[in-house]
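Numbered from 1 within each chain, the chains take letters A, B, ... in sequence-line order.
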Amino acid sequence: MSVLARQRQELAALIRSALGQLMARDELPPVNIPEVTLEIPKDKAHGDFASNIALVLAKQVGMKPRDLAGKIAGILSTHQYIEKVEVAGPGFINFFLTKQWLYQVLQAVEAQGQDYGIADCGQGERLLLEFVSANPVGPMNVVNARAAAVGDTLARILAAVGYQVATEYYVNDAGVQTEVFGRSLLARYRQLDDPSYPFPEDGYPGEYVVELAKRLQAEAPGFGQMDEAAQLEFCRKWGIDQMIEWQKNDLLNFNVKFDCWFREQELHEANALESIIQLLNSRGFLYEQEGALWFHSTAFGDDKDRVIVKSDGNYTYVTADIAYHHNKLQRGFTKLIDILGPDHHGYIGRMKAAVQALGCPEDTLEILILQYVALLREGKPVKMSKRAGEFVTLEELVSEVGRDAARYFFVMRSLDSHLDFDLTLAAQQSNENPVYYIQYAHARISSIMGQAEQQGIHVKPVAEIDWQVLDHELEIDLIKKMAELPEELVEAAKERAPHRIARYALELASIFHSYYTHCHVLGEQEKIRDARLALVECVRTVLRRVLGLMGISAPERM
RNA sequence: GCGCCUGUAGCUCAGGGGAUAGAGCAUCGGACUUCUAAUCCGAGUGCCGCAGGUUCGAAUCCUGCCAGGCGCGCCA
């Protein structure tokens with residue numbers, strides 16, 4: 001349990017016992033004591049912790065909130081942990097604690113290091129997080145980049161709170177668009193010798209297809225001797241493979257590495273679609289109508305039933321998706337999270353229905369909708385359509401804005417926000433970008449450490465410092481902020497809200513920068529110097545920790 | 001017509017039952033003989049889209065409306 005959680009628990013117990021005493025003395029009518037929550041006030045003039053218990057209970061016991069709060073406070077103020085209790089506002093009880101608990105925070109940070117804040121809400125549950133999953137017919141774009149940054153960060157957060165997380169990219173390498181892609185590539189190949197060779201009307205017009213055709217010519221001897229059908233198939237398979245390698249590489253440059261790239265083709269080769277149809281049929285969830293086979297998804301709350309096998313005998317995409325999710329479950333995952341774009345929100349009902357039809361609880365599958373990025377350049381919208389062959393790629397984004405800045409920019413917004421990303425602004429502001437602000441805090445501490453080292457000064461273990469000299473307001477603020485990380489992580493995980501970590505990092509860095517200008521570490525008298533050195537080392541640990549959670553580097557110098 | 005998301009400072013966004021609604025950017029004014037000025041300190045700005053309702057208390061929950069984005073195929 002985190003230091004903060006323990007404090008809350010102890011205070012809550014004290015409040016409950018105070019209420020008990022009041023009832024025992026007949027100063028309070030007997031009532032059921034509701035759950036006692038302690039919040040950290042926004043305004044630190046309101047203490048370390050605050051309770052609204054008097055406000056909640058006032059009506060039930062027929063007292064004015066402030067009077068009840070006063071009675072409770074009267075009992076609690078004698079407790080050893082508590083320096084001061086105040087009744088404030090409409091009836092809040094504000095607790096000012098002795099500083100000793102802050103020291104425990106430093107010990108926790110020191111002891112846990114880059115594991116600081118880990119929790120066990122996940123209890124080792126095997127969780128599969130699928131994200132990006134862009135079609136392998138074009139380069140990664142900015143929307144994919146947002147999904148990559150958010151998904152990767154969320155995966156790290158979920159792992160930190162105790163889930164056994166695997167990340168996965170689903171490759172649609174079996175759909176019609178891959179055939180179109182193959183035809184596009186072959187046409188570009190032919191055009192290398194015969195510029196008048198027609199390009200398919202629905203083909204992918206991007207320049208990258210031409211580049212690929214040139215590589216095909218150079219790298220695939222014997223291709224020219226194949227017959228047309230073999231060439232087409234080769235273009236499709238080889239081309240898709242190249243695209244996937246390209247995507248993988250772009251993502252690696254973005255510091256996103258998937259545990260698994262799962263190919264739809266695998267499902268077809270294993271006859272997984274036939275199997276899933278049999279399975280659903282045997283469970284009575286399929287029926288025939290108008291020559292098609294339908295999945296009775298409305299039985300599980302979907303808007304309408306879905307066609308599984310079309311009247312022409314072909315499968316719909318839903319069929320493969322059900323087979324895919326079945327496959328995930330068969331691999332032993334008991335929690336599935338997919339991050340999808342807003343154009344897929346209609347997909348939630350049918351897939352959740354499918355998972356239930358396969359015998360799993362409704363909440364086994366969770367679909368997060370990540371809103372689009374509206375990409376602007378100099379304030380004007382940039383169109384991003386693969387069909388039009390016009391887009392800003394992940395590659396361009398990373399080179400223009402930088403990997404760390406781009407990641408932070410995406411992660412700092414909630415999934416729900418319809419994000420405006422102005423490339424010009426991001427590039428211009430790159431020196432003012434919040435990510436540098438955070439990294440700079442880390443670099444500053446590293447610099448202090450470097451100089452300490454040169455002077456032969458070593459960071460003392462927290463157990464050996466005199467923590468009582470850490471009494472500057474900003475030192476208290478720093479420690480309290482560090483104390484918040486474990487809960488912040490749990491909230492970020494539970495709410496699937498990686499942006500909370502981005503905010504947290506900014507807040508911690510902000511307090512540090514202020515501290516840095518107001519207080520010196522080196523050059524102070526030894527006792528203070530050692531305490532501050534240890535404190536600042538803890539701050540560095542936590543900064544590195546949160547940057548790491550976001551997949552952002554923590555530079556020693558800038 | 002139905003469904004999902006959004007509407008908060010000049011801009012981009014946090015906050016999603018509690019106390020005086022916040023941050024960054026932008027604007028203005030200050031601070032470097034001392035560990036990195038990519039920093040710090042100070043200043044201003046809000047019918048929290050609108051209207052009702054629930055509550056001791058609503059930016060937050062409920063209902064209706066307005067505006068924007070995205071969906072609603074035997075397309076993927």
**Q** Could you work out which one of B:A19, B:C35, B:A38 sits closest to the side chain of A:V521?
**A** B:C35

**Q** Which side-chain N or O atoms in residues 317-325 of chain A pair as donor and acceptor under 3.5 Å with protein atoms at least two apart or in another chain?
**A**
unit_1	atom_1	unit_2	atom_2	d
A:Y317	OH	A:R350	NH1	2.7
A:T319	OG1	A:I308	O	2.6
A:T319	OG1	A:T316	N	3.4
A:T319	OG1	A:T316	O	3.1
A:T319	OG1	A:T316	OG1	3.3
A:D321	OD2	A:Y347	OH	3.4
A:Y324	OH	A:E168	OE2	2.6
A:H325	ND1	A:D321	O	2.9
A:H325	NE2	A:D338	OD2	2.7

**Q** Looking at A:E475 and A:R532, is there a salt bridge between them, counting it only when a charged N and a carboxylate O are closer than 4.0 Å?
**A** yes

**Q** Strictly under 3.5 Å: I want the nitrogen or oxygen pairs between protein and nucleotides 53-55 of chain B, one per line.
**A**
none

**Q** Could you label the plane-to-plane angle of the A:W261 and A:Y169 rings as parallel, tilted or perpendicular, counting under 30° as parallel and over 60° as perpendicular?
**A** parallel

**Q** With sequence neighbours left out, what residues match A:A357 under side chain to side chain contact (heavy atoms under 4.5 Å, CB included)?
**A** A:L280, A:F285, A:F295, A:F300

**Q** May I ask you to verify if any side-chain N or O of A:S514 is less than 4.0 angstrom from the OP1 or OP2 atom of B:C41?
**A** yes

**Q** Between B:A9 and B:C48, how far apart are the P atoms? Round to whole Å, please.
**A** 9 Å

**Q** Assuming nearest nucleotide by heavy-atom distance, tell me which of A:I93 and A:M558 is located more 5' along RNA chain B.
**A** A:I93

**Q** Measure from the side-chain N and O atoms of A:T178 to the backbone N and O of A:G175, and report whether any donor-acceptor pair falls under 3.5 Å.
**A** yes

**Q** Got a sec? Which of residues 484-497 of chain A come in under 4.0 Å of RNA chain B, heavy atoms?
**A** none

**Q** With respect to the side chain of A:H46, which nucleotide from B:A19, B:A37, B:C40 is positioned closest?
**A** B:A19

**Q** A:L419 side chain: which of B:C41, B:C13, B:G18 is closest?
**A** B:C13

**Q** Filter on salt bridge (charged side-chain N to carboxylate O under 4.0 Å, His left out), then keep only pairs touching residues 412-428 of chain A, sequence neighbours left out; what's left?
**A** none

**Q** Whether A:E362 and A:K352 form a salt bridge (side-chain N of Lys/Arg under 4.0 Å from carboxylate O of Asp/Glu) is what I want to check.
**A** yes

**Q** Please collect all side-chain hydrogen bond (donor to acceptor under 3.5 Å, both in side chains) contacts where either partner lies in residues 45-67 of chain A, sequence neighbours excluded, each pair once.
**A** A:D48-A:K480

**Q** Can you identify which nucleotide, out of B:C5, B:U34, B:U39, has its nearest atom closest to the A:D416 side chain?
**A** B:C5

**Q** I'd like to know if the side chain of A:S446 and the backbone of A:H442 have a donor-acceptor N/O pair within less than 3.5 Å.
**A** yes

**Q** Between A:Y437 and A:E39, which has a closest nucleotide on RNA chain B that is more 5'?
**A** A:E39

**Q** Table please: side-chain donor-acceptor pairs of residues 521-530 of chain A below 3.5 Å, with sequence neighbours left out.
**A**
unit_1	atom_1	unit_2	atom_2	d
A:K527	NZ	A:D466	OD2	3.4
A:D530	OD2	A:K460	NZ	3.1

**Q** Hey, is the main chain of A:A149 close enough, under 3.5 Å, to the side chain of A:T153 for a donor-acceptor pair?
**A** yes

**Q** Which nucleotide in the set B:U12, B:A23, B:A19 lies at the smallest distance from any side-chain heavy atom of A:R503?
**A** B:A23

**Q** Using a 4.0 Å heavy-atom cut-off to protein, can you give one letter per nucleotide of nucleotides 67-76 of chain B, 5' to 3': B if the base is in contact, S if only the sugar-phosphate is, - if neither?
**A** -BBBSSSBSB

**Q** Does a nitrogen or oxygen in the side chain of A:Y408 sit under 4.0 Å from OP1 or OP2 of B:C13?
**A** no

**Q** For the pair A:S184 (side chain) and A:G203 (backbone), establish whether a donor and an acceptor sit closer than 3.5 Å, ignoring hydrogens and angles.
**A** no

**Q** Can you list every salt bridge (charged side-chain N to carboxylate O under 4.0 Å, His left out) pair that touches residues 400-409 of chain A, not counting sequence neighbours?
**A** A:D152-A:R407, A:R377-A:E400

**Q** Would you please name every residue forming a side chain to side chain contact (heavy atoms under 4.5 Å, CB included) with A:K237, sequence neighbours left out?
**A** A:E233

**Q** Hunt down any stem RNA chain B takes part in, defined as 3 or more consecutive Watson-Crick or G-U pairs whose two distances are each under 3.5 Å.
**A** B:1-7 with B:66-72, B:10-13 with B:22-25, B:27-31 with B:39-43, B:49-53 with B:61-65

**Q** Anything under 3.5 Å between a protein N or O and an N or O of nucleotides 25-32 of chain B, put it in a table, one pair a line.
**A**
unit_1	atom_1	unit_2	atom_2	d
B:C25	O2'	A:Q429	NE2	2.9

**Q** Between A:R540 and A:E537, does at least one N-O distance fall below 4.0 Å, as a salt bridge requires?
**A** yes

**Q** When you measure from the side chain of A:R500 to the backbone of A:V490, do you find a donor-acceptor pair of N or O atoms at a distance under 3.5 Å?
**A** no

**Q** Using a cut-off of less than 4.0 Å, is there contact between a side-chain N or O of A:K42 and OP1 or OP2 of B:A21?
**A** no

